[in-house]
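Letters go in sequence order (proteins before strands), and every chain restarts at 1.
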Number of protein chains: 4
Amino acid sequence: MGSVKTKRMPRAVRERQMLDAAVQTFGQRGYAAASMDEIAELAGVSKPLVYLYLNSKDELFTACIRREAAALTDAVRAGVRPGLGADRQLWEGLRAFFTHTAQNPDGWSILHLQARTHGETFAAEVSAMRKEIVALVTRLIAVAARDGGSPCSNEGGEPGDHPGSDLPEREAAGLAEALVGAAESLAAWANATPGVSARQAATTLMNFAWAGLGDLMEGRSWSPPEPDRP
Amino acid sequence: MGSVKTKRMPRAVRERQMLDAAVQTFGQRGYAAASMDEIAELAGVSKPLVYLYLNSKDELFTACIRREAAALTDAVRAGVRPGLGADRQLWEGLRAFFTHTAQNPDGWSILHLQARTHGETFAAEVSAMRKEIVALVTRLIAVAARDGGSPCSNEGGEPGDHPGSDLPEREAAGLAEALVGAAESLAAWANATPGVSARQAATTLMNFAWAGLGDLMEGRSWSPPEPDRP
Amino acid sequence: MGSVKTKRMPRAVRERQMLDAAVQTFGQRGYAAASMDEIAELAGVSKPLVYLYLNSKDELFTACIRREAAALTDAVRAGVRPGLGADRQLWEGLRAFFTHTAQNPDGWSILHLQARTHGETFAAEVSAMRKEIVALVTRLIAVAARDGGSPCSNEGGEPGDHPGSDLPEREAAGLAEALVGAAESLAAWANATPGVSARQAATTLMNFAWAGLGDLMEGRSWSPPEPDRP
Amino acid sequence: MGSVKTKRMPRAVRERQMLDAAVQTFGQRGYAAASMDEIAELAGVSKPLVYLYLNSKDELFTACIRREAAALTDAVRAGVRPGLGADRQLWEGLRAFFTHTAQNPDGWSILHLQARTHGETFAAEVSAMRKEIVALVTRLIAVAARDGGSPCSNEGGEPGDHPGSDLPEREAAGLAEALVGAAESLAAWANATPGVSARQAATTLMNFAWAGLGDLMEGRSWSPPEPDRP
DNA sequence: AATGAATGAGTCTTCATTCAT
DNA sequence: GATGAATGAAGACTCATTCAT
């Protein structure tokens, strides 16, 4: 059904078809609710062939996760070119992220939702990728903080203008985590809200985040009220 | 096993035991992987009784979602008391959120992960709650924008200082979405990182978000570079 | 089919029915060729019930082996009453053995054939039983050897007549092994040859074995020709 | 893997390789548990080739049985040379038997265990071979009985010494059956017990059997006690 | 109010077997 | 002479769900 039932194709091609079908099915139904029968039919293949090539439901799912994770990180990394200023890098990275997730909703569902809900093994697989991205963002934030790059400016900012407040390690990690979380959430929102483009989602997030980061680095920070009983 | 097998308890009590067991099981295993057998055993009841009271797996899951959603929104709303300044309201809301999710990891897992991965019906249930919270946050943002509340200040800010730039409807929604997403992400991070308290998570998020919102309302916004080909 | 489909029976009864059906099916088809479907149907039960009570094909098979092994050893031991002379004991044991195997061909098939051909685990289960019987026979032989019981006589033999040649340990074990093997083989033969009763099979084996043992103990033994090069 | 993958070999050779692989696999795993995949891989051939040469799993198994049965009977017959005395013939036959089974454990497993547990068709195949051997032994016993060969003597015995009690047909058959069964059992025992050679196994059995036969032929026979009610 | 007994339907997985080249 | 590609059929096992008591 999923594709014209052409027989006798080289293994590599068939394997790709199967992964495509699997990503779609897992992404829409979830790991447990997806049946191997359904995947096989969608791939235009008999079930035994799926097993011959991919061994088990577990391995098939893992293969999906790996493929989609690689595709996503590749896309993001392709955006973040080291030559640019920190804000520009972040902007491009976000844009790549929103574009990719918008174009691969099933893959994104696998990474963002499905893999996290079905056993530590799968979750760990995604965790690795997420950590990589969080680290990348953390680095960008740290660079911005060091350069003191007035992040409100569009340009990279003349380095050395302000010394930049060295953000504590964990603080930066927390910020990166928040930013990535915000991005993940916006991705879903953008996909679900008609008329919101990847560009717009990225802009919203940049506005939200970069200004806050700027203030932070310049020492203007929000501090909580006295802990309950003064 | 789950509890001492006391016979003949009033229905309300039994029902609570079942929901407790169900939340725990669904939260940890996921909807599909959780078995009615396991839930019944954990509740210390026979399976037919679970069906007698809650009719089906679907309804049981829905009941869990509703209960946990109500508990979470109640907790958050209890924090956000209308009398305070917008920033203080946001701060208290976030603190309540992080505290509640830290204390109810299984319930949070159901709302954040499980319900979203198993069919539109369940997702819609959570969506309703989420929208409520996003609306609440959107309102806070709008208020701050109108009041022009320099959100950097700890206090509500003297209203009327600046007129406040009316944020476009969708922009506000996007920001709220981002903020909620960031909060969700930080909740997981705080739960998983030893030594990060609900207070700290809330502070991090306030720092991240409030300044950005402030800049935004004062017209200082980040704008994207020329769309590739001018 | 196997029995009138009466519903709602106490667990113990149903379990017996299942074991009966399993012994019959495993005994006739072999472990691998027997299907759980077939067993369930023969037992007049649905497959899930078989799994509920007996957990898995492996455990079901093991349960069959244990039950049949116990039944066989019980039968043999009931025959071999310690009060009698060694030859009489052997005779009664053999008769019990041939009688039991003739009446329980499926059980005997499981012990003698099926269990030995499907994995060490099952084989070990039977091995234990077989060792027990071989030990019992070995003991009888040793007693006869000590008493010097002229085994040709019908009576227990006046003990002390001849001192009896202490057979070497391994020699006795080999003899016992041979005797048990001969018995096993004769059991099949008796079952397959119409008109051969358990009594006759036992008599044939006693004639075959007892005299040889007697000669052996009295020192008259057959010795092999010169090893190859005369 | 099973052998260096040399291409384009004459059919006879390939067929032998396949049978070798099949005997090994069937012997160790049993008919049902052995997979054609495994056999093909072990033979270093693709599966279709196995089918091209041997048609089906059934036929392949049958071919194994036939080959191994022929090898075993050939070996035994080569030992039993008609010129010798009956006891010597038996001795040589047994020695050949134990030697061959020790050297071809997989083939022996097929004949002794596997073929008997998987359907009448296969069992019949082995049965034929077994009958041949039992007949051979029966003949030896009959000859010994006629010659009155005091079977305790090492030599053929002077014919005509005692007239020899004509053993009833069935009696002889039963004895032969017992002897063959004992041999089969001892073969397994010898294979499993380190330090027991084919020679020793044969000696043990000769001691066990020949003396008994001797007594029998000289009229000294064991007779059962009165049938229950004296 | 509560449960032991029971099952229909479906899922993952494997295997003997065949084409097309 | 030989194989990579492919499948129909079947089997072990599980689960949500219901009776009869």
Side-chain angles (χ1 to χ4, degrees), chain A residues 5-11 13-15 32-40 44-58 60, chain B residues 5-11 13-14 32-40 44-60, chain C residues 5-11 13-15 32-40 44-58 60, chain D residues 5-11 13-14 32-40 44-60:
Chain A
K5 198 163 181 176
T6 322
K7 302 223 167 188
R8 303 270 145 184
M9 337 226 328
R11 170 163 183 157
V13 177
R14 270 282 136 93
E15 219 165 306
S35 92
M36 294 299 270
D37 271 300
E38 195 180 358
I39 293 173
V45 193
S46 74
K47 229 185 331 170
L49 201 57
V50 178
Y51 278 89
L52 188 60
Y53 286 175
L54 288 141
N55 301 319
S56 75
K57 198 183 185 185
D58 262 45
L60 175 55
Chain B
K5 201 163 179 175
T6 322
K7 301 224 165 187
R8 306 259 156 188
M9 331 223 334
R11 169 158 182 159
V13 177
R14 271 279 138 96
S35 89
M36 295 298 271
D37 271 296
E38 196 179 357
I39 292 172
V45 200
S46 74
K47 238 187 319 176
L49 199 58
V50 178
Y51 278 89
L52 187 61
Y53 285 178
L54 288 140
N55 303 316
S56 77
K57 197 185 187 185
D58 264 43
E59 285 189 37
L60 175 55
Chain C
K5 200 165 181 174
T6 321
K7 300 222 166 188
R8 305 267 146 187
M9 339 226 328
R11 174 166 180 155
V13 177
R14 271 281 135 91
E15 220 165 304
S35 91
M36 293 299 270
D37 272 299
E38 195 180 357
I39 292 172
V45 193
S46 74
K47 224 190 329 175
L49 202 59
V50 179
Y51 278 90
L52 188 60
Y53 287 175
L54 287 141
N55 301 320
S56 75
K57 199 183 185 184
D58 262 44
L60 175 55
Chain D
K5 199 163 181 176
T6 323
K7 301 222 166 189
R8 307 259 154 188
M9 331 225 330
R11 169 159 184 157
V13 178
R14 273 278 138 97
S35 89
M36 294 298 271
D37 271 295
E38 194 180 358
I39 292 171
V45 200
S46 73
K47 237 186 323 174
L49 200 58
V50 179
Y51 279 88
L52 188 61
Y53 284 179
L54 287 138
N55 303 316
S56 76
K57 197 183 187 185
D58 264 42
E59 284 189 36
L60 175 54

Take D:Lys47 and D:Ile39, measure what side-chain contact (heavy atoms from CB on, under 4.5 Å) needs, and give me the verdict at the end. CA-CA 8 Å; D:Lys47 237 186 323 174; D:Ile39 292 171; over 6 Å; no

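Listed by chain and residue number, nothing satisfies the side chain to side chain donor-acceptor pair (under 3.5 Å) test with B:Lys57 (two or more places apart in sequence, or in another chain).
The side-chain heavy atoms of C:Leu60 and C:Asn55, taken from C-beta on, include no pair separated by under 4.5 Å.
Closest non-hydrogen pair, B:Ser46 versus B:Ala40, comes out as C-CB, 4.2 Å. Considering all non-hydrogen atoms of both residues, C:Glu38 and C:Ala34 come closest at OE1-CA, 4.5 Å.
Within the 4.0 Å cut-off from OP1 or OP2 of E:dA2, at least one side-chain nitrogen or oxygen of B:Arg14 is found.
When Watson-Crick and G-U wobble pairs are counted only if both distances are under 3.5 Å, F:dA9 pairs with E:dT14. If you check E:dG8 for Watson-Crick or wobble pairing at under 3.5 angstrom, you find it paired to F:dC15. The partner of F:dA20, taking Watson-Crick or G-U wobble pairs whose two distances both stay under 3.5 Å, is E:dT3.
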Base versus backbone protein contacts along nucleotides 15-21 of chain F [heavy-atom cut-off under 4.0 Å; B, S, -]: BSBBB--

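In this structure, C:Arg11 reaches the sugar-phosphate backbone alone: every heavy-atom distance under 4.0 Å involves primed, P, OP1 or OP2 atoms, never a base.
The side chain of B:Leu52 approaches E:dA2 more closely than any other nucleotide in the set F:dT3, E:dA2, E:dT7.
The cationic group of B:Arg11 lies under 6.0 Å from the six-membered ring centre of B:Tyr53 and within 45° of the ring axis, placing it in a cation-pi geometry.
Per the geometry, CG belonging to C:Leu54 stands 16 Å off C1' belonging to F:dT14, to the nearest Å. In this structure, CG of C:Leu60 is placed 12 Å from C1' of F:dA12, rounded to the nearest angstrom.
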